[in-house]
Amino acid sequence: MEKYSEKIEILEKEELEMPTSEVTMYTKLMAYYLVENKLFDAKFLWSRIPQSMKTDAIELQKLNELQKSLVSNNFADAFININKTEWSDEIKTVMDDLKEITMENIFQLIGNSYTSILDETLVELTNLQEDQFETKCVDLDWTVESFDQQLVIHPKKLLSTANNNADSEYQLSKLTEFVSFLEN
């Protein structure tokens with residue numbers, strides 16, 4: 001999301017000019033990195049933050065946990081971390097955007113990778129309630145059928161909206177990581 005790119009530049013400049021910045025600046029920058037999918041920038045930011053700020057700032061700690069979940073493609077934990085944390089007003093909308101973007105990416109990957117998937121797997125990946133995921137499946141025009149007392153979802157390929165600028169090698173590596181995550 002381009003609206004965060006400019007904010008990142010401003011905060012990075014602020015960090016360089018004032019090395020002992022306040023916790024709010026680091027919190028915003030970490031959140032912006034996450035929503036922009038700059039996960040390694042977020043990791044390096046965490047290592048630059050003074051230890052005293054890390055210890056006292058619970059929200060920063062939660063953002064770091066979220067960053068670790070996203071780097072390891074553990075989307076279930078990422079959604080749990082986003083949903084269970086009461087985010088401050090400064091980053092609440094950023095976290096809502098991150099949740100929406102991540103959800104769209106998961107459904108896009110599933111739609112492009114699978115011909116069928118079990119409902120429990122989809123619920124586990126997205127941390128959605130059953131009625132929410134059924135609504136999402138209907139919205140995406142995916143078919144849902146009952147088979148041996150389980151629901152089987154048949155996804156359809158989705159058009160890429162979030163990663164139009166990503167090159168094919170990057171997309172292939174992300175897809176490979178996602179598939180290996182599902183297989184484990």
Side-chain angles (χ1 to χ4, degrees), residues 1-109 123-129 132 160-167 169-182 184:
M1 301 185 91
E2 283 190 35
K3 67 181 181 180
Y4 295 115
S5 295
E6 292 176 17
K7 293 177 181 182
I8 288 173
E9 287 180 33
I10 292 168
L11 290 174
E12 285 174 338
K13 186 175 180 181
E14 182 182 324
E15 181 189 12
L16 288 173
E17 292 172 358
M18 295 179 265
T20 55
S21 297
E22 57 186 61
V23 174
T24 306
M25 189 274 307
Y26 287 118
T27 302
K28 288 179 184 177
L29 187 55
M30 177 82 86
Y32 296 155
Y33 279 150
L34 295 178
V35 77
E36 286 284 321
N37 200 30
K38 295 183 176 189
L39 302 178
F40 291 105
D41 289 346
K43 182 178 181 177
F44 293 132
L45 174 64
W46 179 254
S47 64
R48 291 192 312 265
I49 297 172
Q51 187 62 39
S52 60
M53 285 188 194
K54 290 181 193 179
T55 307
D56 296 338
I58 294 172
E59 193 168 51
L60 260 177
Q61 294 171 11
K62 295 292 184 182
L63 286 169
N64 188 51
E65 289 175 27
L66 180 58
Q67 177 268 132
K68 289 177 183 177
S69 297
L70 292 170
V71 165
S72 64
N73 289 327
N74 189 342
F75 299 116
D77 277 353
F79 286 122
I80 290 169
N81 286 333
I82 291 172
N83 291 331
K84 77 175 181 180
T85 304
E86 187 66 36
W87 301 106
S88 64
D89 292 339
E90 288 91 10
I91 64 168
K92 182 159 180 36
T93 57
V94 179
M95 292 295 101
D96 291 341
D97 287 347
L98 177 61
K99 181 179 175 182
E100 182 180 326
I101 289 167
T102 305
M103 189 72 67
E104 286 175 16
N105 288 340
I106 287 174
F107 278 101
Q108 182 178 350
L109 284 170
V123 168
E124 182 181 325
L125 280 173
T126 59
N127 199 35
L128 291 174
Q129 302 298 322
Q132 291 174 315
S160 174
T161 56
N163 293 328
N164 285 339
N165 296 330
D167 63 6
E169 282 186 31
Y170 176 75
Q171 290 177 346
L172 184 60
S173 70
K174 281 296 194 188
L175 179 62
T176 303
E177 290 172 5
F178 183 74
V179 170
S180 71
F181 169 75
L182 287 176
N184 291 331

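Just the heavy atoms: all of them, side chains too, but no hydrogens, waters or symmetry mates, feed the values below. Keep in mind that this is a model prediction, so the values were computed, not measured.
With contacts defined as side-chain heavy-atom distances shorter than 4.5 Å, the pair L98/L66 qualifies. Using a 4.5 Å heavy-atom cutoff, the side chains of Y32 and E6 are not in contact. Residues D97 and Y4 form a side-chain contact, since some pair of their non-hydrogen atoms from C-beta on lies under 4.5 Å apart. Here the side chains of V23 and D56 are not in contact, with every heavy-atom distance at 4.5 Å or above. E90 is listed as a side-chain neighbour of T24, based on a closest heavy-atom distance under 4.5 Å. Side-chain contact between K43 and V71 is absent, with no heavy atoms from C-beta onward closer than 4.5 Å. At least one side-chain heavy atom of L29 sits under 4.5 Å from a side-chain heavy atom of E15. Put simply, the side chain of M103 reaches to within 4.5 Å of the side chain of L128, judged on heavy atoms.
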- For E14 and M25, run side-chain contact (heavy atoms from CB on, under 4.5 Å): C-alpha distance rounded to whole Å, both residues' side-chain angles, the deciding distance at 0.1 Å, then the answer. CA-CA 8 Å; E14 182 182 324; M25 189 274 307; 3.3 Å; yes

- Message: With side-chain contact (heavy atoms from CB on, under 4.5 Å) as the criterion, how do W87 and D96 come out once you've worked through the C-alpha distance, each side chain's angles and the decisive distance to 0.1 Å?
- Response: CA-CA 10 Å; W87 301 106; D96 291 341; over 6 Å; no

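When only modelled atom types and interatomic distance are considered, E59 and S88 share a side-chain donor-acceptor pair under 3.5 Å. Counting only N and O atoms by type, the side chains of Q67 and N64 include a donor and acceptor under 3.5 Å apart.
Nearest approach of A31 to V94, heavy atoms of both residues: O-CG1, 3.5 Å. Counting all heavy atoms, side chain and backbone alike, D77 lies closest to S69 at CB-OG, 3.6 Å. Nearest heavy atom pair, residue L45 against residue Y26, reads CD1-CD2, 3.6 Å. Taking both residues in full, the closest heavy atoms of T27 and L63 are given as O-CD1, 3.5 Å, listed atom of the first, atom of the second, then distance.
Within the model, atoms CG of L109 and CD of E177 stand 10.5 Å from one another, a figure rounded to the nearest 0.5 Å. Atom CG of L125 sits about 12.5 Å away from atom OG1 of T102, to the nearest 0.5 Å. A distance of 4.5 Å separates CG in L60 from CD1 in I49, rounded to the nearest 0.5 Å. For the atom pair M53 CE and E22 CD, the distance stands at 8.0 Å (nearest 0.5 Å). Rounding to the nearest 0.5 Å places CG of N127 at 5.0 Å from CD1 of I80. In this structure, NZ in K28 is found 13.5 Å from CD1 in I8, a value given to the nearest 0.5 Å.
When the shell of 6.0 Å around NZ of K99 is examined, it contains 12 or fewer heavy atoms from other residues, nucleotides or ligands. Annotation for E124: atom CD does not count as buried by contact number, only 12 or fewer foreign heavy atoms lying within 6.0 Å. Within a 6.0 Å radius of NZ in K38, other residues, nucleotides and ligands contribute more than 12 heavy atoms.
With T85 contributing its side chain and I82 its backbone, the two residues share no donor-acceptor pair below 3.5 Å. Listed for the K54 side chain is a donor-acceptor partner under 3.5 Å among the backbone atoms of W46.
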